[in-house]
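Structure, as structure tokens:
A, B, ... follow the sequence lines: proteins, then strands. Residue 1 opens every chain.
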There are 4 protein chains.
Amino acid sequence: MPKTSGEETKKNILQVAEKLFAEKGFNGTSVNTIAKTAGVNKALIYYYFKDKNDIIVSLFKNIVNELVEYINQKVTSAESVNQDFSMRNKLKEEIKFFLNRKKIISIMLMEALKADNRSDYLFQCAEIFINHEFKMVMEAFKDHKRNKFPETLHYMVYEFFTGIIPMITFVALQDKWCEHFHCDQEKLLEYFIDSFEKSHLSSHLGLN
Amino acid sequence: MPKTSGEETKKNILQVAEKLFAEKGFNGTSVNTIAKTAGVNKALIYYYFKDKNDIIVSLFKNIVNELVEYINQKVTSAESVNQDFSMRNKLKEEIKFFLNRKKIISIMLMEALKADNRSDYLFQCAEIFINHEFKMVMEAFKDHKRNKFPETLHYMVYEFFTGIIPMITFVALQDKWCEHFHCDQEKLLEYFIDSFEKSHLSSHLGLN
Amino acid sequence: MPKTSGEETKKNILQVAEKLFAEKGFNGTSVNTIAKTAGVNKALIYYYFKDKNDIIVSLFKNIVNELVEYINQKVTSAESVNQDFSMRNKLKEEIKFFLNRKKIISIMLMEALKADNRSDYLFQCAEIFINHEFKMVMEAFKDHKRNKFPETLHYMVYEFFTGIIPMITFVALQDKWCEHFHCDQEKLLEYFIDSFEKSHLSSHLGLN
Amino acid sequence: MPKTSGEETKKNILQVAEKLFAEKGFNGTSVNTIAKTAGVNKALIYYYFKDKNDIIVSLFKNIVNELVEYINQKVTSAESVNQDFSMRNKLKEEIKFFLNRKKIISIMLMEALKADNRSDYLFQCAEIFINHEFKMVMEAFKDHKRNKFPETLHYMVYEFFTGIIPMITFVALQDKWCEHFHCDQEKLLEYFIDSFEKSHLSSHLGLN
DNA sequence: AATGAATGAGCCTTCATTCAT
DNA sequence: CATGAATGAAGGCTCATTCAT
């Protein structure tokens, strides 16, 4: 007997799966557990998803879409608001965006680390993010200083390994960090932002 | 004392397990597969290891030991060699050390990302590494500037998220990065070192 | 009375089921597959059929009815047409009849072969067929030679194992035979008819 | 704890599987049922067999081997014994051979009937059998009458559809036939042999 | 030190079937 | 007539682990 609309059931399954995958990893989570935690029949999961992998891929596709949406809305809002909207505020906002999605980010990282893995959603997300940053920066370079701009690949390496990676690792590990080093989240966030500014932002590849 | 053939078998199992865990993750690798790949009888694995978890823990303990050893030898060698031994060279050496252990590093990262996870080998390694860096830096601060030194926690956050994390993520993802972005390893390494220097090293939390 | 769209849907389901059962066997075919292949909702199948078994039973009943109809029309036409209508032509016609129903025949054979099986549609069909043959032959025996006629059971064994079985096995296996032995259907049919005439028909239990 | 040698366990599984496949068909038999009936752990079945299909293939390969062995021994014995060893006796012996293997024969037939099926063990067996018959017959044709011998393909069609098929169908269906038509096995066998002689053997494609 | 055999529990997936709409 | 949603049971298969030898 259908209690809820199909879409809601599916969304529920996805949320539960995201939580469990983040907790125990993809292979550490059984479809049975997902079903029980979500309070649905196991077979129903296979009514909505081709197989277990389809669940994680759905999650990945969702986060890609959300990221694109986020980026697009940032572009349009960026034009209207004050240009002086400080970098620090932008950074805080981004971290907030990622913190709200720390579960899927952890999952994406875990899966990306498997040498076997054929999915490259982490890199896809990174590209989306970096391309946007790239455009922003190019804007600032308009007429002058163009020759000082680094090669694209170099730029991507910089953005990925000293920008995106610290940020997403931060959201993925902050809870465990706090627990291990006995510090509170607020302070950690503050320190992280400070560190990130001093390292990644301050130099920004010698552009500023 | 001559290594018994047993010790070698055990080492072989560990090496195979490390490779497979790095490829498919801990839960994605079965003891059966380890046995077959290592060419040993499945039951023999249980002769050398209490259970499957004991294998990964052994790997983690090994890397902790190797790190300690590496650090200690750096300390002693640091005293003897030229102080001017440039930071860039030190960095290259460290990356080399990590690159040689990229499999276990990937595994450690994967496991650390699981929200459930009770093991904290990643943080243990980080602490060992950071404590050493800390001592080095303090040395340089000896008499003067002491008041300018940041709070320990702040320092650790900086070292961990903008130093260690980019470095180990680099060694863990470099192969996949090159494949995805069609660049060669040499160039990626060069760009990474450059990026790392410009971000993490150049500022070094405003100490220099 | 115009066929309701419902009747057509039912017929469609039956056709699809027949095709699939012949391809993968009854147990190898899921109701889901039938529904998808037929392009109807799964639950609709249960609107028309009590359960999965009801589908195959429907098919069996259909073929029984068709056989009865075929036999009856042969009887009436036999009276009107030339008695000399050669045996070979009769045989060809019968084979054509069976070839047009090779799918359900294959299914019937498969199911009959299961030692467990409680349905005896194969034997039912055989009885219908043999009884008719029996009457035809008896006709020819009318007044004379009656004593020479074999016992009924013996007659049935002969008709079944050397008449019906070769014929229905031929229609069931001809495609695969051609594929395996690289021969074309025309030639196989010709050879089969020849073989059948020489063995089953020529002797016809020593009656002729 | 291993009660028996592995080979015996494997043989036991095969025997049980053969019985169950013959009763309910391959798809109608679950590995679970095989395990329970054989009194072994389900996982043990996968220790000895790659998958469920490997079980049936093993059975098929066994029967092929047994057939080859049977044929070979017939050849050698044929030379030593009286040439007059009547055809009827030879036939009885063959039927006995097939009756002793009626389960696997039923299975082979069932599987061969599936239009989908990619395995052709039935045809393989048939070829082995027919090739042997062929040689025997050719022997008898030695110098004379050679031109009267039919084309090979024609010969195979004859042997397969009017020789092998009636015979194996007989062994596969005799129990059910007796039950359905209320006759005893002895009588059925007698009638069948008689019918087979009169149809297939008597003409033998017009060779005799 | 090493192995073949064995197991219970659990895995992912599909089954036939039902029900509310 | 027809459908989307739901389910309990069972499917094939693999898991980590153990034991006797």
Under 4.0 Å between a side-chain nitrogen and a carboxylate oxygen: does that hold for [X] and [Y]?
X        : Y         : answer
Glu7(A)  : Lys11(A)  : no
Glu23(B) : Arg118(A) : no
Glu66(B) : Lys61(B)  : no

Q | Pairing annotation in dot-bracket form, given for DNA chain E with Watson-Crick or G-U pairs under 3.5 Å and | for cross-strand partners | A | .||||||||||||||||||||

Q. Only one of Val64(D), Ile104(D), Asp54(D) forms a side-chain contact (heavy atoms from CB on, under 4.5 Å) with Leu59(D), so which one is it?
A. Ile104(D)

Q. Just by modelled atom types, is the Thr29(B) backbone N or O under 3.5 Å from a matching donor or acceptor in the Thr33(B) side chain?
A. no

Please state how far atom [atom1] in [X] lies from atom [atom2] in [N], giving the value in whole angstrom units.
X        : N       : atom1 : atom2 : result
Asn53(A) : dC11(E) : CG    : P     : 17 Å
Lys10(D) : dG4(E)  : NZ    : C1'   : 14 Å
Asp54(C) : dT17(E) : CG    : P     : 10 Å
Phe49(C) : dA2(F)  : CZ    : C1'   : 15 Å
Asn12(D) : dA5(E)  : CG    : P     : 14 Å
Tyr47(A) : dA6(F)  : OH    : C1'   : 8 Å
Lys50(A) : dT14(E) : NZ    : P     : 9 Å
Ile45(C) : dT3(F)  : CD1   : P     : 11 Å

Can you tell if the side chain of [X] reaches within under 4.5 Å of the side chain of [Y], non-hydrogen atoms only?
X         : Y         : value
Ile34(A)  : Val40(A)  : no
Ile63(B)  : Cys125(B) : yes
Lys103(A) : Lys19(A)  : yes
Lys10(A)  : Ile13(A)  : no

Among [options], the nucleotide that comes nearest once only the side chain of [X] is considered:
X        : options                   : value
Thr9(C)  : dA2(F), dA6(F), dT17(E)   : dA2(F)
Lys52(A) : dT13(E), dA6(E), dT17(F)  : dT13(E)
Tyr46(A) : dC15(F), dT14(E), dG4(E)  : dT14(E)
Ala43(B) : dT13(E), dT14(F), dC19(F) : dC19(F)

(Q) Quick check: any donor-acceptor pair below 3.5 Å linking the side-chain of Lys42(C) to the base of dT17(E)? (A) yes

Q. On a plain distance test, is the side chain of Asn41(D) in donor-acceptor contact with the base of dG8(E) below 3.5 Å?
A. yes

Q: Specify the residues of residues 23-37 of chain C, ordered by number, for which at least one heavy atom lies under 4.0 angstrom from an atom of DNA chain F.
A: none

Q) Across the strands shown, which category fits Tyr48(C) at heavy-atom distances under 4.0 angstrom: base, sugar-phosphate, nothing? A) sugar-phosphate

(Q) Would Lys176(C) and Phe123(D) count as a cation-pi pair here, with the cationic atom under 6.0 angstrom from the ring centre and within 45° of the axis? (A) no

